Amino acid sequence: MKSIALIDVNNFYVSCERVFNPKLENKPVVVLSNNDGCAISRSNEAKVLGIKMGIPFFKIRDIVNAGKLTAVSSNYTLYLDMSHRVMTLLSKFSPEQEIYSIDESFLDLSSFKSKDLIKYGQQIKSKIKQWTGLPVSIGIGSTKTLSKLANHIAKKNPSFKGVCNLNVMEEDTLDTWMSHIAVNEVWGVGRSLAPKLNMLGIISVLDLKHADPDYIRQQFSIVLEKTVRELNGVMCMELKDIEEPNKEIMVSRSFGRRVKDKQELIEAVTSYTTRAAERMRKQESVATSIYVYIRTSPHDDKKQYANGVNIPLFQPTDDTMVLTNAALLGLDYIFRDGFNYQKAGITLCNLTSKHNIQANLFNDSISHSRMKVMDTINQRWKGKLKLGSEGVTKEWEMRSQFKSRNYTTNWDQLIVAN
């Protein structure tokens with residue numbers, strides 16, 4: 001029997017904020033999305049208040065102003081660094097790891113047969129708390145789907161003390177737990193699929209476990225069939241040893257205010273293309289085309305406009321300057337005067353490995369050297385080297401009224417002990 005553990009940081013964004021601001025402990029807290037639009041992470045205390053995931057900030061502003069709820073702007077630089085610390089630490093506990101998301105990671109503990117995995121899970125939990133300050137829940141099962149379910153049980157039931165191992169649970173006991181958990185809590189089911197399953201009499205996780213996998217495949221998909229088999233202990237989804245590179249990379253943002261000036265759009269599109277190109281080079285890919293779009297807000301009463309265009313590239317490239325020139329050419333084509341633009345974005349399309357492209361007489365070795373130098377400088381001095389068209393003031397950038405400092409990545413924003 002396999003022993004797959006899923007380690008999940010509880011209320012990740014909120015927990016990151018609490019590490020550096022202990023005053024937020026045991027208080028209702030929400031982290032807001034880009035431009036302080038809506039709640040994307042909630043503390044348990046905020047959930048008790050009835051704050052729903054995704055609720056727009058303007059609907060809870062009165063509660064915040066009354067001092068009953070704390071709202072914090074998202075600080076992705078901090079969250080990504082904290083995530084990296086957690087994932088690096090977790091890699092020490094098993095030779096086989098799959099990072100599933102910014103706050104979740106699978107570990108294969110099957111080779112630790114001589115260990116009490118509940119105690120081992122408690123050691124992992126304790127070490128992460130000690131070294132990062134972040135609380136985690138750990139679920140262990142014979143498949144990924146069961147480990148996800150075990151994590152849900154550990155998180156919702158304090159009696160497990162944050163670690164639940166379904167592999168050592170009696171089958172009757174496990175079935176009892178499954179019978180009390182709604183089917184929409186199963187990994188990959190969610191709220192959209194649950195009503196269709198409910199119509200077939202599949203209400204709980206146990207109902208889905210006992211469903212005929214072949215029938216489920218006919219009625220839904222092979223993915224849901226695999227879910228049924230995994231609930232029965234048949235492993236259908238292996239751990240991925242190597243993360244597959246993205247086939248597309250998109251960067252888009254809403255502006256902090258409405259933008260009319262074309263020059264500000266140029267700055268935004270340059271900035272987004274630069275970020276996307278950096279990410280693409282990290283996975284050693286090149287793009288064959290770039291898509292750029294702009295749009296007004298669908299919520300504005302004024303006239304609306306949205307448009308986008310795909311610009312094919314003469315040769316696949318990872319050069320920020322070439323990509324930016326193409327993106328700005330596309331922007332020039334779709335821009336229309338007289339509109340209040342709310343958002344812009346770019347997508348690097350049809351990515352392929354830079355090692356697989358065929359060279360030609362026009363290959364630019366200087367370009368590769370230039371990008372390597374640019375990335376090296378920017379990794380050491382964050383974003384200091386950039387294209388002139390990216391601008392300086394960036395008045396169009398997102399609103400972040402309640403943003404915390406970059407405690408772990410900026411020397412000027414370190415915590416000061418008095």
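It should be emphasised that the depicted structure is a prediction, and the values quoted were computed from it without experimental measurement.
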Q. What is the ring orientation for Tyr79 with Tyr76, classed by angle as parallel under 30°, tilted 30 to 60°, or perpendicular over 60°?
A. perpendicular
**Q.** For Trp187, all residues meeting side-chain hydrogen bond (donor to acceptor under 3.5 Å, both in side chains), sequence neighbours excluded
**A.** Tyr100
(Q) Take a 6.0 Å sphere around CE of Met250 and say whether it holds more than 12 heavy atoms from other residues, nucleotides or ligands. (A) no
**Q.** Heavy atoms from other residues, nucleotides or ligands near CE of Met169 exceed 12 (cutoff 6.0 Å)
**A.** yes
Q. Can you list the residues that meet the side-chain contact (heavy atoms from CB on, under 4.5 Å) rule with Ile222, with sequence neighbours excluded?
A. Arg217, Glu225, Lys226
Q. Within a reach of under 6.0 Å around NE2 of His210, are more than 12 heavy atoms found that belong to other residues, nucleotides or ligands?
A. yes
(Q) Enumerate the side-chain hydrogen bond (donor to acceptor under 3.5 Å, both in side chains) contacts for residues 117-127, please, sequence neighbours excluded, ordered by first and then second residue. (A) none
Q. Is a side-chain N or O of Ser105 found less than 3.5 angstrom from the main chain of Ile7, in a donor-acceptor match?
A. no
Q: Check whether any side-chain N or O of Asp207 sits under 3.5 Å from a backbone N or O of Ile203 as a donor-acceptor pair, and report yes or no.
A: yes
Q.
Is a donor from one side chain sitting under 3.5 angstrom from an acceptor on the other, for Asn151 and Ser137?
A. no
Q. If we only count heavy atoms from C-beta on, is the Leu351 to Val286 side-chain gap below 4.5 Å?
A. no
Q | Approximate separation, where rounding is to 0.5 Å, of Ile60 CD1 and Asn65 CG | A | 10.5 Å
Q: Starting at CG of Leu166, measure out to OG of Ser3 and round the result to the nearest 0.5 Å.
A: 10.5 Å
Q. Does any non-hydrogen side-chain atom of Asn310 lie less than 4.5 Å from one of Ile290?
A. no
**Q.** Charged N-O contact under 4.0 Å between Lys156 and Glu185
**A.** no
Q | Side chain Ser94, main chain Leu90, donor-acceptor under 3.5 Å | A | no
Q) Hey, does the side chain of Ser204 reach the backbone of Val183 with a donor-acceptor pair shorter than 3.5 angstrom? A) no
Q.
Return the CG to CG distance between Leu6 and Leu149, rounded to the nearest 0.5 Å.
A. 11.0 Å
**Q.** Qualifying side-chain hydrogen bond (donor to acceptor under 3.5 Å, both in side chains) pairs with a residue from residues 45-58, counting only residues at least two apart or across chains
**A.** Asn11-Lys47, Arg18-Glu45, Ser43-Glu45
**Q.** Residues Asp214, Arg229; criterion salt bridge (Lys or Arg N to Asp or Glu O under 4.0 Å); working and verdict
**A.** CA-CA 10 Å; Asp214 294 327; Arg229 295 190 187 281; 3.4 Å; yes
Q. Are any non-hydrogen side-chain atoms of Ile294 and Val259 less than 4.5 angstrom apart?
A. no
**Q.** side-chain contact (heavy atoms from CB on, under 4.5 Å) partners of Ser192, counting only residues at least two apart
**A.** none
Q | Atom pair OG/CG of Ser254 and Asp36 - distance to nearest 0.5 Å | A | 11.5 Å
Q) Thinking salt bridges, do Arg281 and Asp319 make one under a 4.0 Å N-O criterion? A) no
Q. For Lys59, which residues count as a side-chain contact (heavy atoms from CB on, under 4.5 Å) partner, sequence neighbours excluded?
A. Ile55, Pro56
Q: Answer yes or no: is there an ion pair linking Glu278 with Arg275, defined by an N-O contact shorter than 4.0 Å?
A: yes
Q. Would you say the side-chain atoms of Arg336 pair up with the backbone N or O of Tyr305, donor to acceptor, closer than 3.5 Å?
A. no
(Q) Do Glu17 and Ser404 pair up side chain to side chain, a donor and an acceptor below 3.5 Å, judged on atom types alone? (A) yes
**Q.** Quiz item: cation-pi between Lys144 and Phe106, 6.0 Å / 45°
**A.** yes
Q | Least distance between heavy atoms, Ala71 atom then Phe57 atom | A | CB-CE1, 3.9 Å
Q | Interatomic spacing from CG in Asn10 to CG in Asn44 - rounded to 0.5 Å | A | 7.5 Å
Q) For residues Ser159 and Asn157, is any side-chain donor paired with an opposing acceptor at under 3.5 Å? A) no
(Q) When you measure from the side chain of Asp81 to the backbone of Thr77, do you find a donor-acceptor pair of N or O atoms at a distance under 3.5 Å? (A) no
Q. Roughly how far, to the nearest 0.5 Å, is the CD1 atom of Ile216 from the CD atom of Gln218?
A. 10.0 Å
Q | Full working for side chain to side chain donor-acceptor pair (under 3.5 Å) between Ser101 and Glu104 | A | CA-CA 5 Å; Ser101 67; Glu104 293 177 283; 3.2 Å; yes
Q.
Tell me if a side-chain donor or acceptor on Thr176 pairs with a main-chain N or O of Asp172 at a distance below 3.5 Å.
A. yes
